[in-house]
Student: 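This is the structure I want to talk about, given as structure tokens.
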Amino acid sequence: MAIIDFLTQKIPLGNAVEWLVNIIISNFGGVLDSFSAFIKTLMDGLIGILSFGHPLLFIGVFALIAWLIRKDIKLTIGTVLGFLLVLNLEMWDPLIATLASIMTSVLISLVIGIPMGVLKSRSKIIDIITRPILDFMQTIPPFVYLIPALMFFGLGTVPGIVATVVFAIAPPIRLTYLGLEQVDEELKEAGRAFGSTPFQMLFKVELPAAMPSIMMGINQCIMLSLSMVVIAAMIGAGGLGKPVLRSLSTVDIGLGFEAGLGVVILAITLDRLFGRETN
Amino acid sequence: MAKIEVEGLSKIFGPNPEKALDLVEEGHAKDEVLEKTGQTVGVNNVDFDVDEQEIFVIMGLSGSGKSTLLRCLNRLIEPTEGTVKVDGVDITDLDSEKLRKFRREEFGMVFQNFGLFPHKTVLENTEFGLEIQGVDEETRKAAAEDALAKVGLDGWEQKHPDELSGGMQQRVGLARALAVDPEVLLMDEPFSALDPLIKREMQDNLLDLYDEMNKTIIFITHDLDEALKLGDRIAIMKDGEIVQVGTHEDILTDAENDYVRDFVKDVNRSRLLNAKDAMIKPRAMVYSEQDGPRAAMHKMRHEEISSIFVVGKHRQYQGIVKMEDVLELVNKGKDDLSEVVKEVPTASPQEDMDELFSKIANLDCPLPVVNDNNKLIGIIVKSSVLSNLSSEEVV
């Protein structure tokens, strides 16, 4: 009987998820609202800072940062030229909006992701529990969770950022974990042999030794966030994704290319700046 | 009183050590325990004492449990059973707080692959132990610089470990251990990763440092020559057990079992070598056909040697002349070198080192090696015989 039931009757999985989402909305509305307000404030603050003064001032500051981090004249000049092009194409405001939302998503991803990676390496149980969740988050198509994000936070920037975080948080968690797991056994022994506390072990021995791997996680997090720019625009997030979407619906090849180029320039610049290998 | 007393120390690797431990205490060997319980015995019921300010060498092949034993002493590896007393305090009883204090103040550790922090400079690496103790920056910098100077690395403070050669990296490792001024130095095959020349230099350095400081050193090695050079006493391990503890003489003369004997046999490698292996090319020779006293003197001065072999046509061996004799000839204005040519014992290429050693022992010049046709094919100097008696890896 049970087998026949199974063959003919669909398991109400979809209904269950819907039910769960509704429960969350009706019971945790307050929490969701204050979270939403927090992200919004963070975003607005960042946009405020980034658009303070003339764009040329921003480009100058950015070039200076590029120089200070990498000491690479080619990269610095490239950064300046790239941003000047974006300015010329009148994509400046969307670029700033995108940059702000990426910074917000990456910040949230790292604040949650890196400690999560540490916990994962400390506790076998957490490691086992988080593994399938991370797999799920990395493989499920982003469109699927756009809907609940939309329902939780309404149309606008916030659901875009939440969706981006879901999409981009796995690498910092995984690579922090991986980096810590791969710390040379002798280094850990050295740390312990000289009498380190667990806290000192983590901050003076393990995290610094895992830094290259963690940096790679940060880089991937930034890149994945950028790849969500257009998808997030579908639920109302501002920035460079918006003109790309608009060009799609109006078949405006030129606009699509200009906005797309803005994403590319931002991506390459950020990748080179916070890139894989740090000195 | 002994500095460190180890009693009944065992380490079992496996999920259920109790069962294996019973077998160990009944005196079963590693293989039997593995067969009966599936658990690995790292250290098997070991007892020994280490005296104050002694270099105690623990020697064994890889897998003999020597590194595990060393790590049980500061509980980097938790012993399954037994006690380790340092100055009468049982380490195995300490809670984590007290154990930390002990590790900070009592022990300095040096690792086989150096265990240096790649993200820190040489100076910061050396400061590490003091940094962990919360010592203020100025004091620890001074102590670290002092330690670096001791190992001959002053001027390298701001480099990173990957900019240094292996030998220098291990000097940093040693400086890091010395900087905390520990009572006991635990050294886990510190020189095994270094090439033979550097290794010897580091051993000499360590002995110099040891003479200057009042430290107890526990030194792990798989190299018998190293053990003999450094150790006041040597413990030989096999399959987790200590099969013999003693001074050099004890170990070399009355080797207590086959394993030790096998180990020791290798050291007398003189039997394996003959004159052909040990000889070197003479730096210069005097050819009696054309060279007179002045040429002989010139060659000796040029090569900074005090005697030189004389050969005839086709390098036929004739004998040796000494600097003082040649000088006399020159002063007297004589031209015939042959009147001062002396005879010395010669060796054939196949002669083994024991015979060579007895020939060369009382000689004040090199020993000529001459083939069946009386041709001089090489010379043997004392130092090369001696170095062949004790050198290279024993693995």
Side-chain angles (χ1 to χ4, degrees), chain A residues 68-72 110 114-115 117-118 121-125 127-128 172 175-219 273-279, chain B residues 67-68 70-71 73-78 94 96-120 124-135 140 160-162 169-170 172-173 176-180 182 184-190 193:
Chain A
L68 288 179
I69 295 184
R70 289 291 178 192
K71 302 263 186 276
D72 180 351
L110 297 185
I114 293 176
V118 173
S121 81
R122 291 298 118 121
S123 149
K124 191 91 195 147
I125 296 171
D127 179 34
I128 291 170
L175 284 161
T176 301
Y177 167 77
L178 187 72
L180 290 175
E181 289 296 296
Q182 286 177 339
V183 174
D184 184 26
E185 203 49 47
E186 236 183 29
L187 279 190
K188 291 195 225 171
E189 279 191 332
R192 288 169 60 213
F194 285 95
S196 302
T197 61
F199 186 82
Q200 287 173 325
M201 276 301 289
L202 183 63
F203 285 95
K204 291 195 187 290
V205 178
E206 293 176 275
L207 281 180
M211 220 33 175
S213 178
I214 295 174
M215 282 305 291
M216 205 146 77
I218 295 175
N219 174 267
L273 277 185
F274 307 102
R276 298 128 300 203
E277 67 277 17
T278 43
N279 326 338
Chain B
S67 288
T68 309
L70 186 75
R71 282 164 174 70
L73 301 184
N74 65 353
R75 280 174 62 190
L76 281 184
I77 291 177
E78 206 62 54
L94 300 177
S96 59
E97 180 96 5
K98 289 206 182 94
L99 175 64
R100 244 186 330 261
K101 192 166 144 50
F102 230 92
R103 285 175 176 167
R104 287 176 177 187
E105 290 165 8
E106 210 65 28
F107 295 119
M109 195 159 176
V110 182
F111 297 88
Q112 181 171 9
N113 297 305
F114 324 135
L116 299 179
F117 304 111
H119 53 279
K120 289 179 190 283
E124 287 164 350
N125 263 292
T126 313
E127 283 178 6
F128 179 76
L130 296 168
E131 183 188 347
I132 288 298
Q133 294 178 19
V135 173
R140 73 184 194 224
H160 278 85
D162 59 4
Q169 290 190 32
Q170 193 56 296
V172 180
R176 178 175 65 182
L178 292 177
V180 295
V184 181
L185 270 180
L186 303 175
M187 307 186 79
D188 181 23
E189 299 205 39

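Just so we're on the same page: letters track the sequence lines, and every chain starts at 1.
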Student: So for L99(B), is it side chain, backbone, both, or neither that comes closer than 4.5 Å to the heavy atoms of chain A?
Tutor: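 Neither part.
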Student: CD/E189(A) to CZ/R71(B) distance, rounded to the nearest 0.5 angstrom?
Tutor: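 It is 4.0 Å, given to the nearest 0.5 Å.
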Student: Relative to chain A, which segment of F114(B) carries a heavy atom at a distance below 4.5 Å: side chain, backbone, both, or neither?
Tutor: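 The backbone, not the side chain.
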Student: Pick one of side chain, backbone, both or neither for N74(B), based on which atoms fall under 4.5 Å of a heavy atom in chain A.
Tutor: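 It is the side chain, since no backbone atom gets that close.
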Student: Which one of Q133(B), Q112(B), E105(B) has the most heavy-atom pairs closer than 4.5 Å to chain A?
Tutor: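 So the answer, after comparing Q133(B), Q112(B), E105(B), is Q112(B).
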Student: Are the side chain of E186(A) and the backbone of F111(B) linked by a donor-acceptor contact shorter than 3.5 Å?
Tutor: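 No; zero donor-acceptor contacts below 3.5 Å.
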Student: With F194(A) as reference, evaluate R176(B), R103(B), R104(B) under the side-chain contact (heavy atoms from CB on, under 4.5 Å) test and give the passing residue.
Tutor: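 When R176(B), R103(B), R104(B) are each tested with F194(A), the side-chain contact (heavy atoms from CB on, under 4.5 Å) holds only for R176(B).
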Student: Locate the shortest heavy-atom distance separating A190(A) from G115(B); write the atom from each residue and the value.
Tutor: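 So the minimum-distance heavy-atom pair works out to CB-O, 3.8 Å.
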Student: What part of R75(B) gets closer than 4.5 Å to chain A, counting heavy atoms only: side chain, backbone, both or neither?
Tutor: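 For R75(B), the contact with chain A is made by the backbone alone.
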Student: If I measure from the heavy atoms of chain A, does E97(B) come under 4.5 Å with its side chain, its backbone, both, or neither?
Tutor: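 It is neither, since no heavy atom gets under 4.5 Å.
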Student: Would you mind reporting whether M211(A) and H119(B) have side-chain heavy atoms less than 4.5 Å apart?
Tutor: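 When only atoms from C-beta onward are counted, M211(A) and H119(B) do not touch, as no gap falls below 4.5 Å.
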Student: Restricting to non-hydrogen atoms, name the atom on L187(A) and the atom on L116(B) that form the minimum distance, rounded to 0.1 Å.
Tutor: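 Distance-wise, the nearest heavy atoms are CD2-O, 3.0 Å.
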Student: Check the surroundings of atom CG in L68(A): do more than 12 heavy atoms from other residues, nucleotides or ligands lie under 6.0 Å from it?
Tutor: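 Buried by this count: over 12 neighbours within 6.0 Å.
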Student: Kindly check if the number of other-residue, nucleotide or ligand heavy atoms within 6.0 Å of NZ (K71(A)) is above 12?
Tutor: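 More than 12 heavy atoms, drawn from other residues, nucleotides or ligands, come within 6.0 Å of this atom.
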Student: At their closest point, which heavy atom of S196(A) faces which heavy atom of I132(B), and how far apart are they?
Tutor: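 Looking at all heavy atoms of both residues, the shortest contact is OG-CD1, 3.3 Å.
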Student: Can you tell me which portion of F128(B) sits under 4.5 Å from chain A's heavy atoms? Options are side chain, backbone, both or neither.
Tutor: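 For F128(B), the side chain is the part near chain A, not the backbone.
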Student: For the interface with chain B, which of D184(A), V205(A), T197(A) has the highest count of heavy-atom pairs at distances below 4.5 Å?
Tutor: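 Ranked by heavy-atom pairs under 4.5 Å with chain B, first place is T197(A).
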Student: Side chain from CB out, backbone as N, CA, C, O: work out which of these in K101(B) comes under 4.5 Å of a heavy atom of chain A, or both, or neither.
Tutor: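 Contact with chain A: none, neither part.
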